[in-house]
Amino acid sequence: MNFIFTEENLIKIEALKLRYPSPQALCLPCLWMAQHQEGYISINAIDAISETLGIAPMEVYRVATFYTMFHLEPQEKLNVQVCKTLSCKLCGSDAILEHLKNKEVNIIHTECLGSCGTAPVMQINDTFYENLTPEKVDAILKELL
Amino acid sequence: MREMIDIIVDSKTYKAQNGSLLIDLLIREKIKVPYFCYHESLGADGNCRMCMVEIEGQKRPQIACDTLIKPNMQVRSNSENICKVRTDILELELINHPVDCPTCDQAGECSLQDFYMDYGLHNTKITIQEKVKHAKHVDLGSNVMLDQERCVLCARCTRFTDKITHTHELGIIGRGDEAKVSTMPGRKLDNPYAMNVVDLCPVGALTSKDFRFHQRVWFLQTSNSVCHGCAKGCNIYIDHNKMKYQDDVIYRFRPRRNDAVNGFFICDEGRLSYKDLQENRQESILLYEEETQENKALQELKNLIENYKEKITLIVDANLFTDEIEALVAFAKSISATLYSPLEIYKDENFKDDMLKSANRAANYKTIENLNINTTLPTKNALVINFNHPLDFEADVQINFTTHKRGKNRLTFPIAAFSENAGHLTNEDSIMQECQKAVFKNNPAPTIVEWLQKVRS
């Protein structure tokens, strides 16, 4: 199956081209767009990016494998990133993690998410969920799943 | 041309170009410096950190591959401190290395082994329970096998596909101790120069599917030669070995550096052409398809030459050595035969590319042209004596001097292939090159020059 950037993304890429000094630098924003569009980055998407930017597919693939936040395979479960750093730990992230263990989600331990004022925090896709309690987690997951 | 300046390395003075790379000087002057990632054809990358040297006035050790030579530079390449630095870097390289030298094909020509003998010889200080595991035998395609565990991530192979072939098949993916050389999922290493990465790889990570497990490298004997695949005349090493009670066998061709001709590389087709020298060879003298004695065959040949006087056509292969072609010119004169070497058959435009491959697939066609030998097809043949030319000609009688088995003829004489003979070639750029005699067969076929002497006597 071919990957085609949406009209909206193509306009974005054209606009970004003016801002970046080299096509290599555009690689990361393009990978993000591809991941948002399909939920993961397929090899077809990598080919499409390489064609759009005029660089080798391998160059794009190398970048995609380097960063853990890019998924190269379809994600079957919801990815829940739970902060494991000090403030969240003190405010009860352990209880959140324990609670999540019984859910049908993929738990990822991350370093500080930068929202210590509202600890404990977790991130699902691009959204922060703050001041968590086990009950609040239930409500969030019910809405998403 | 940049100005030449003096620099001091280990209290000796050397002349070097201002602004050139320090490592080039060290390599040229044969000053011991270990390195994985640097290669003269690929330039500096600076990722392996093995080529550390001390430079007077600089606090920390510097990598020689990325240091430019400046006036009044003082370099120390073998101080106690620098050896310690190299030992430490080597130790890091060896953390996850499988140390499977006994089963590794690179053993004997491995940089990691050599540097360990020079700078290592230690027991590791790092005691980890489990080494990081990677894939052991990945078939990358184009006869290249990858062992990801042995890799030191010098990126020579990836830089080769990026900078030399511009095909970009290889890359280092992942990061940290999960980093490894790989192709894209489901894609292969696929270019006509791919097997050069095997020579470039300083360790046993990339090995040749064609060569591995056939012979240990310390048994091989190396002779200088020139590839006969096309008129480019790429310089090669012939690696061969004569095992006890067996015949001399060629195991591989490797590129030999010659900046005027092929640089550092050869094409895969040329590299694998050694197989042709050992397959389907004509070994006996044939008279009407029957094996016969040398005396009888020579007598028959002499009679034929006598009978067909003035009506003899000699055909010369454009792959023969200059020495042989000149001998044939003289021979043709002595029996007043006409000499032809049809060159059209060697043309192959599909083979040509803009790196090394030439459309003229005859190693010595330039000599044929220089000696003004007729390059058209001969017409009206009575007696044809064909010296290894690939074409067959219509004639009353055809006699073949041939390296390889071919169709029915009145007389067939076996001759030595280029690896079994020494001589000279002139490539398409008019550069004359020498081939050494590499292979010494148990029952060697005579060379053309030897046959001609026998015919004359």
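Worth knowing before you read on, the calculation uses all heavy atoms, side chains too, and leaves out hydrogens, waters and symmetry mates. By convention in this document, chain letters (A, B, ...) are assigned in the order of the sequence lines, proteins followed by strands, and residues within each chain are numbered from 1.
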If we ignore hydrogens and angles and just use 3.5 Å, is the side chain of [X] paired with the main-chain N or O of [Y] as donor and acceptor?
| X | Y | answer |
| --- | --- | --- |
| T118(A) | S115(A) | yes |
| E59(A) | S50(A) | no |
| N96(B) | V132(B) | yes |

I'd like to know whether the aromatic ring centres of F5(A) and F3(A) sit less than 6.0 Å apart in this structure.
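Yes: the rings meet the under 6.0 Å criterion.
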Measure L72(A) against the heavy atoms of chain B and call it side chain, backbone, both or neither at under 4.5 Å.
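Neither part.
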Identify the two heavy atoms, one from C112(A) and one from T85(A), that lie closest to each other, and give their separation to 0.1 Å.
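What the structure gives for the nearest pair is N-OG1, 2.7 Å.
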Can you see which heavy atom on I124(A) is nearest to which on L141(A), and at what distance?
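Heavy atoms only, the tightest pair is CD1-CD2, 4.4 Å.
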For [X] and [Y], test the side chains for any donor-to-acceptor distance below 3.5 angstrom and give the result as yes or no.
| X | Y | answer |
| --- | --- | --- |
| D126(A) | H36(A) | yes |
| N2(A) | N44(A) | no |
| D138(A) | H99(A) | yes |

What residues of residues 144-163 of chain B sit under 4.5 Å from chain A when only non-hydrogen atoms are counted?
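D162(B), listed by number.
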Are there residues of residues 166-191 of chain B whose heavy atoms fall under 4.5 Å of chain A's heavy atoms? If so, which?
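Result: H168(B), E169(B), L170(B), G171(B), I172(B), I173(B), G174(B), R175(B), S182(B), T183(B), M184(B), P185(B), R187(B).
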Under 4.5 Å between any side-chain heavy atoms of L140(B) and L206(B), yes or no?
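Yes - at least one pair of side-chain heavy atoms lies under 4.5 Å apart.
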